[in-house]
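See below for the structure under consideration.
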There are 2 protein chains.
Amino acid sequence: MSRSSLIAQIKEKKSFLCVGLDTDITKIPEFLKEYPDPVFEFNKRIIDATADLCVAYKPNAAFYESRGVKGLQSLIDTYKYIPKNILSIIDAKRGDIGNTSDMYARAFFDEEASGMGFDAITVTPYMGNDSVTPYLKFEGKWIILLALTSSVGSKDFQYLGTPEGTLYEAVIKKANTWAGADRLMFVVGATKSTEFTDIRKYAPDNFLLVPGVGAQGGSLEEVCKYGITKECGLLVNSSRGIIYASNGEDFAEAARAEALKLQQQMQAELEKAGVI
Amino acid sequence: MSRSSLIAQIKEKKSFLCVGLDTDITKIPEFLKEYPDPVFEFNKRIIDATADLCVAYKPNAAFYESRGVKGLQSLIDTYKYIPKNILSIIDAKRGDIGNTSDMYARAFFDEEASGMGFDAITVTPYMGNDSVTPYLKFEGKWIILLALTSSVGSKDFQYLGTPEGTLYEAVIKKANTWAGADRLMFVVGATKSTEFTDIRKYAPDNFLLVPGVGAQGGSLEEVCKYGITKECGLLVNSSRGIIYASNGEDFAEAARAEALKLQQQMQAELEKAGVI
């Protein structure tokens, strides 16, 4: 999906919501267990209930991989079910040398090879350039590179001072020499809103994928105050807060209600920033 | 597998060879294509031909994931075929927040959940503590953390100066506060032999998994000069140099011949260092 299509979708839906499909088979409603693939059935209903309110879906690969072949089949079926006009992100956080990154790109971008052709993949920067750029060979696909993450472990290395600023600043500066804002986004944790100001110095145009709103404690208002741009430039993810809003037969309606709340807040922020 | 069992195996086989199963379906001998699972058939024959010469096997997850469900099945069958007295390493380079790392641990360590129960996993450090420690919940399993890698991209961030030394030194120092040398190894690229001296300051006892000997240009002699310890402390990986030694019907014999060459060099190094 092109940057202009993504922006058009944001304006049309008045939303920059990404719904995280971190679907844990032990947390989904009991009645779904009767279906041949309870995880896919869950995701299907979540997608049906939220597709008009969000601009991206982001399955977290780990939750599917933990169930072996069955889980991978749930992931493939979920990928296929995500409407093609919505950005599909595989949250895989891969990162390896060039010939291996080629294989990961095939695993997640090449539908003929693996059954999956996501629009975007999350990638970890530790191994540098040749762990990132192989994904760019796939025309029109996005890399979403980890910069500043939202969990406690982010303090261990990402804030270390380097001659290029903190490590996460060094990552942003360097990666922006590898690809433009039409192919490269960054993951920036929402619990660190004041740091958005710094990040926007080095990434004025890149979309930022922001996890951590909701369950991880981030505030949407803070994120927008420092991070929003004239073209929006944000995708804010919510996973648990939406998909586990209810554990009963009404889980999809409850998910929709939570997504709607976020969409309405997002609409207000988009208006405030003059995006719409 | 415990550290003492690993060391005993090294002494018995006079080898610290890890065979990397980076099996690419487009590179294996043509005649194997007639088998129901050519990749598994290839790995099976490589394992049969080399099991007495190596102490570890390391399938690279990307090569299997690139083929979707079929590839995952090849990986599961390969895992099951690796003899239980040989260290099985999944080269997955995962790294994510705590609840997601729990899922990756299940994917690769919990055979009941996923079909795979590897002894060790490679992990990337960028997200810090909570992306690493969840794997330790699985008794007796190993984490192999990326420190200094061997490809060109390693220069982008790993050498950045920080208050704790270079980034890779900071990673080693910090990670050694999370786990002991009985559970934690580091990946250290073999093209940087002189840096082993520095690394051994901070990781005197940890096993180091060394890729990059052979195809990536590293020298076994150099690695041992600076990296070997009284308990060996090294696992040296070779992938392409062994598994693609021939593309004909003799591929397994050719692989054995290459593995044997390395084992003999390793035996000499082990003797020189007084390990055996």
Side-chain angles (χ1 to χ4, degrees), chain A residues 22 24 60-69 71-73 76 91 93-108 110 113-116 124-133 146 149-158 160-164 167 170-171 174 211 216, chain B residues 22 24 60-69 71-73 76 91 93-108 110 113-116 124-133 146 149-158 160-164 167 170-171 174 211 216:
Chain A
D22 299 14
D24 181 343
N60 181 330
F63 286 70
Y64 302 87
E65 293 180 25
S66 68
R67 295 173 48 241
V69 168
L72 180 55
Q73 194 60 57
I76 291 169
D91 195 359
K93 300 195 175 67
R94 297 301 198 266
D96 209 311
I97 60 172
N99 78 326
T100 301
S101 291
D102 280 336
M103 289 289 175
Y104 281 130
R106 214 180 288 175
F108 294 112
D110 183 348
S114 67
M116 295 180 282
T124 190
Y126 192 76
M127 293 179 73
N129 184 13
D130 62 318
S131 67
V132 174
T133 50
L146 295 184
T149 58
S150 55
S151 72
V152 58
S154 64
K155 294 193 174 58
D156 288 318
F157 307 118
Q158 296 167 21
L160 285 176
T162 81
E164 302 297 324
L167 178 59
V171 166
K174 178 67 89 169
Q216 291 173 59
Chain B
D22 298 15
D24 181 344
N60 181 330
F63 286 70
Y64 302 87
E65 293 180 25
S66 68
R67 294 172 48 241
V69 168
L72 181 55
Q73 194 59 58
I76 292 169
D91 195 359
K93 299 195 176 67
R94 297 302 197 265
D96 209 311
I97 61 173
N99 77 329
T100 301
S101 291
D102 280 337
M103 289 290 175
Y104 281 130
R106 213 178 288 177
F108 294 112
D110 183 348
S114 68
M116 294 179 284
T124 189
Y126 192 75
M127 292 178 73
N129 184 14
D130 63 317
S131 67
V132 175
T133 51
L146 296 185
T149 58
S150 55
S151 72
V152 59
S154 63
K155 295 194 174 56
D156 288 319
F157 307 119
Q158 295 167 22
L160 284 176
T162 81
E164 303 297 323
L167 178 59
V171 166
K174 179 67 92 172
Q216 291 174 58

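Numbered from 1 within each chain, the chains take letters A, B, ... in sequence-line order.
- Both the backbone and the side chain of B:Thr162 come within less than 4.5 Å of a heavy atom in chain A.
- Heavy atoms closer than 4.5 Å to chain A are found nowhere in B:Val132, neither backbone nor side chain.
- In this structure, chain A has a heavy atom under 4.5 Å from the side chain of B:Asn60, while its backbone stays farther away.
- Contacts of A:Asp102 classified as side chain to side chain donor-acceptor pair (under 3.5 Å), with partners at least two apart in sequence or in another chain: A:Lys137.
- When all heavy atoms are compared, the tightest approach of B:Ser151 to A:Asp130 is OG-OD2, 2.9 Å.
- Per-residue heavy-atom pair counts under 4.5 Å with chain A were compared for B:Ser101, B:Pro125, B:Gly68, and the maximum is reached by B:Pro125.
- Here the shortest heavy-atom pairing between A:Met127 and B:Gln158 reads CA-NE2, 3.7 Å.
- With rounding to the nearest 0.5 angstrom, the CD1 atom of A:Ile97 is 7.5 Å from the CG atom of B:Asp22.
- By number of non-hydrogen pairs under 4.5 angstrom with chain B, the leading residue of A:Gln73, A:Arg94, A:Lys174 is A:Arg94.
- Pairing each heavy atom of A:Gly161 with each of B:Pro163, the nearest pair is O-CD, 3.4 Å.
- With a 4.5 Å cut-off on side-chain heavy atoms, A:Leu167 and B:Leu160 count as touching.
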Subject >> Residue pair B:Asp24, A:Met103: steps toward the side-chain contact (heavy atoms from CB on, under 4.5 Å) verdict >> reply: CA-CA 9 Å; B:Asp24 181 344; A:Met103 289 289 175; 3.4 Å; yes
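- Legend: residues meeting side chain to side chain donor-acceptor pair (under 3.5 Å) with B:Tyr126, ordered by chain and number and at least two apart, are absent.
- Using a 4.5 Å cut-off between heavy atoms, B:Ile76 touches chain A through its side chain atoms alone.
- When side chains are defined from C-beta on, B:Glu65 does not count as touching A:Arg106, because their heavy atoms never get closer than 4.5 Å.
- Contact count versus chain A (heavy atoms, under 4.5 Å) is highest, among B:Ala105, B:Ala113, B:Gly98, for B:Ala113.
- Most heavy-atom pairs under 4.5 Å with chain B: of the set A:Tyr104, A:Tyr64, A:Phe108, this distinction falls to A:Tyr104.
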